[in-house]
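Single-structure report; data block below.
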Amino acid sequence: MNIRKNSSGSMDVICTGQDITSIKASERNMIRTAAELQNFIDLANAAIFGTDEKLLINEWNQQSAQISGLTKEMVIGKEFVKVLIEPDFHDQVSEVLRSALEGRGTSNFEIHVMTRGCDDADKRRIDILLNVTSKRGVDGKIVGVIGVGQDITERKRVEAEKVRVAQQLQTFIDTANAPIFGIDDKGRVNEWNNKAADITGFSKEEVMGKDLVEVYITKEFRASVKEVLDNALQGREKSNFEFPLFTKDKRRVEVLLNATSRRDLNGSIVGVIGVGQDITEMRRLMEQEALLFQAQAANDAKSQFLATMSHEMRTPLNVIMGMNQLVMDTALTAEQRKFTEQIRISSQSLLLLINDILDLTKVEAGKLELVCVDFDVRGVMEDAVDSVASRALSKGLEMCSFMGPDTRTLVMGDPDRLRQILLNLLSNAIKFTKTGQVYVLVELEEETSTHKTFRFKVYDSGIGISEEGQKKLFNRFSQVDSSTTRTYGGTGLGLAISKQFAELMNGSMGVQSGEG
């Protein structure tokens, strides 16, 4: 408004007006927008704070208060770093804030904040991902800092848990007692555990990135192994696929493989995991079992053959022996009697051999059954001695036996098999003794409420047996020395059968001897 005099001397008032309706409306909109922006900041689901150029807090939204435990009234005007940041991170955070004051913002900067509780027990560490930018006035000058933070504590915990699980899984793979390998979609090795390295001799460093099939599978099995892995890359997994693998030192290892598709987070197949089993030893045992079964079958067939033949041979032999005895009972010349006597001796030897073979086949087939009757051990011993005494006397040998008179000798068992053992031992002692004596000693070694254990000892002053000869003494069809067959005769079956009889009666048989 202007006031001036006119020509007549009176005063004129000049007024100039401006329509500010739109300006006022604009101001109201600005105020409304600012209020909405402030409300957005206060209610935002992220921690937002502001500082002035001295880094004193002048903005603090509700999420900042909730995360830190510090209300807006508690922090306004306070230095951000000293109020909220752990001392170990003061310098780093201060540098970030100062950079923002100089116009250099920072994105995704991790800081650690200690929340405030009622006491120390309520305090906890919060991980914040912080974006910091410059705050400018209406004139464009930097007047402070705006920070937007995101609480990533839970995300960090989940990530740490994922790392822990991954490490445990890797440890499990590395230390598993089975070879485990992995390949990518090109067939290149990207996993190789300790067991795979142990079995093959190739270290993890040697195989990583190499083509598994082309480098480590023998040519004859490359096609079949590649087919299994290619099928797994297409989702067709394979179990119990068997193939040979040759190690670094050219040994053959039999492997049983399960090939499983390896998928990423989206479910797409990115490779194959193979879990194997070293079945080399199992395969060897299976082959040995098959060979053992074949050998057992052959042995059973042999035993059956020998048993049949022994039976078939014994029948005509008994006829020969009977007819020969009838001839011997007639008037014969000296020469004829010599011939028939030779027939008798040879027939008896052959009959003994046949009986031994028959006993042997029964033992091997498990068909030899022991009887269990009451008998007197002393009587069995005396019968055996009486049976061979004439042969001993004919060679000029002294035949002795002893058993304590107070020993209780009534037992239950198989007297015939015991007598057969004693006869065999005594016959051998007489056969291999030229001069001196054969002596039998029977002792009661142990007695319980249900069992009696007797020790039978046969001594002789014969040629003796070397230490090496004792090792094969109880083998079937074995003589201590081949020369004894010509000098003394025999088949090498008697002691073997006697030992088996003794073991069937829960006993044992051994020898102590020296040459000369």
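Quick note: residue numbers are just sequence positions, from 1.
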Side-chain heavy-atom pair [X], [Y] within 4.5 angstrom cut-off:
{"X": "D414", "Y": "F375", "result": "no"}
{"X": "F49", "Y": "E59", "result": "no"}
{"X": "K135", "Y": "V145", "result": "no"}
{"X": "V253", "Y": "P244", "result": "no"}
{"X": "D185", "Y": "V270", "result": "no"}
{"X": "T51", "Y": "L97", "result": "no"}
{"X": "V75", "Y": "F80", "result": "no"}
{"X": "Q92", "Y": "F109", "result": "yes"}

Atom [atom1] of residue position [X] - does it have more than 12 heavy atoms of other residues, nucleotides or ligands inside 6.0 Å?
{"X": "D91", "atom1": "CG", "result": "no"}
{"X": "K226", "atom1": "NZ", "result": "no"}
{"X": "F172", "atom1": "CZ", "result": "no"}
{"X": "N177", "atom1": "CG", "result": "no"}

Give every residue pair that meets the salt bridge (Lys or Arg N to Asp or Glu O under 4.0 Å) criterion with at least one member in residues 175-184, sequence neighbours excluded.
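Salt bridge (Lys or Arg N to Asp or Glu O under 4.0 Å) check on residues 175-184 returns D184-R188.
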Just grab all the salt bridge (Lys or Arg N to Asp or Glu O under 4.0 Å) pairs involving residues 94-111, residues at least two apart or on different chains.
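Counting only pairs at least two positions apart or across chains, the salt bridge (Lys or Arg N to Asp or Glu O under 4.0 Å) contacts touching residues 94-111 are E95-R98, E102-R104, E110-K156.
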Write down the atom of [X], the atom of [Y], and the distance for their closest heavy-atom approach.
{"X": "A46", "Y": "V148", "result": "CB-CG1, 4.2 Å"}
{"X": "R262", "Y": "N190", "result": "NH1-OD1, 3.3 Å"}
{"X": "L495", "Y": "M509", "result": "O-SD, 4.4 Å"}
{"X": "G276", "Y": "V255", "result": "CA-CG1, 4.3 Å"}
{"X": "I199", "Y": "T247", "result": "O-CG2, 3.0 Å"}
{"X": "A259", "Y": "V228", "result": "CB-CG1, 3.9 Å"}

Going by the rule ring-ring contact (aromatic ring centres under 6.0 Å, His included), which residues pair with H112 if we only count those two or more places apart in sequence or in a different chain?
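F89.
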With Y459 via ring-ring contact (aromatic ring centres under 6.0 Å, His included) - residues at least two apart:
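Y459: ring-ring contact (aromatic ring centres under 6.0 Å, His included) contacts with Y439.
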Please check if the side chain of [X] supplies one atom and the backbone of [Y] the other of a donor-acceptor pair under 3.5 Å.
{"X": "N61", "Y": "I48", "answer": "yes"}
{"X": "T153", "Y": "D127", "answer": "yes"}
{"X": "S268", "Y": "D264", "answer": "no"}
{"X": "S64", "Y": "W60", "answer": "no"}
{"X": "E191", "Y": "F181", "answer": "no"}

Find the distance between [atom1] ([X]) and [atom2] ([Y]) and round it off to the nearest 0.5 Å.
{"X": "E159", "Y": "E154", "atom1": "CD", "atom2": "CD", "result": "10.5 Å"}
{"X": "N194", "Y": "K204", "atom1": "CG", "atom2": "NZ", "result": "8.0 Å"}
{"X": "M505", "Y": "I421", "atom1": "CE", "atom2": "CD1", "result": "3.5 Å"}
{"X": "E242", "Y": "E254", "atom1": "CD", "atom2": "CD", "result": "6.0 Å"}
{"X": "L425", "Y": "K457", "atom1": "CG", "atom2": "NZ", "result": "14.0 Å"}
{"X": "I183", "Y": "L229", "atom1": "CD1", "atom2": "CG", "result": "4.5 Å"}

I would like to know whether I67 and I128 meet side chain to side chain contact (heavy atoms under 4.5 Å, CB included); could you show each step before the answer?
CA-CA 10 Å; I67 290 175; I128 302 293; 4.1 Å; yes
Side chain to side chain donor-acceptor pair (under 3.5 Å) partners of E503, counting only residues at least two apart:
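E503 satisfies side chain to side chain donor-acceptor pair (under 3.5 Å) with K499 only.
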Got a salt bridge between R157 and E161, using NZ or NE/NH1/NH2 to carboxylate O under 4.0 Å?
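Result for this pair is no, no salt bridge flagged.
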Give the ring-plane orientation class for Y216 versus F202, where under 30° counts as parallel, over 60° as perpendicular and anything between as tilted.
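Plane angle over 60°, so perpendicular.
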Hydrogens and angles aside, do [X] and [Y] bring a side-chain donor and acceptor to less than 3.5 Å of each other?
{"X": "S224", "Y": "E227", "result": "no"}
{"X": "Q170", "Y": "D174", "result": "yes"}
{"X": "R417", "Y": "Q420", "result": "yes"}

Begin with the C-alpha distance, continue with both residues' side-chain angles, and end with the deciding distance and a verdict on side chain to side chain contact (heavy atoms under 4.5 Å, CB included) for Q62 and K72.
CA-CA 8 Å; Q62 293 179 16; K72 189 172 185 177; over 6 Å; no
Could you walk me through whether L101 and L55 pass the side chain to side chain contact (heavy atoms under 4.5 Å, CB included) test, one step at a time?
CA-CA 9 Å; L101 286 175; L55 299 180; 3.6 Å; yes
Evaluate D198 against K195 for salt bridge (charged side-chain N to carboxylate O under 4.0 Å, His left out), listing each step before the verdict.
CA-CA 5 Å; D198 289 343; K195 192 65 175 179; 5.3 Å; no
The test is side chain to side chain contact (heavy atoms under 4.5 Å, CB included); show your working for D416 and V371 and say whether it passes.
CA-CA 9 Å; D416 292 334; V371 299; 5.5 Å; no
Output, in order, the C-alpha distance, side-chain angles, deciding distance and verdict of salt bridge (charged side-chain N to carboxylate O under 4.0 Å, His left out) for E206 and K248.
CA-CA 11 Å; E206 289 179 285; K248 192 174 184 179; 2.8 Å; yes
Is there a salt bridge (charged side-chain N to carboxylate O under 4.0 Å, His left out) between E443 and R455 once you walk through the steps?
CA-CA 5 Å; E443 300 172 319; R455 182 177 292 275; 5.3 Å; no
Non-neighbouring partners of V442 that pass side chain to side chain contact (heavy atoms under 4.5 Å, CB included), sequence neighbours left out
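By the side chain to side chain contact (heavy atoms under 4.5 Å, CB included) rule, V442 matches V377, M381, M403, V440, F454, F456.
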Between R222 and E220, is a salt bridge (charged side-chain N to carboxylate O under 4.0 Å, His left out) present by the stated rule, with each step listed?
CA-CA 6 Å; R222 283 176 190 167; E220 59 182 315; over 6 Å; no
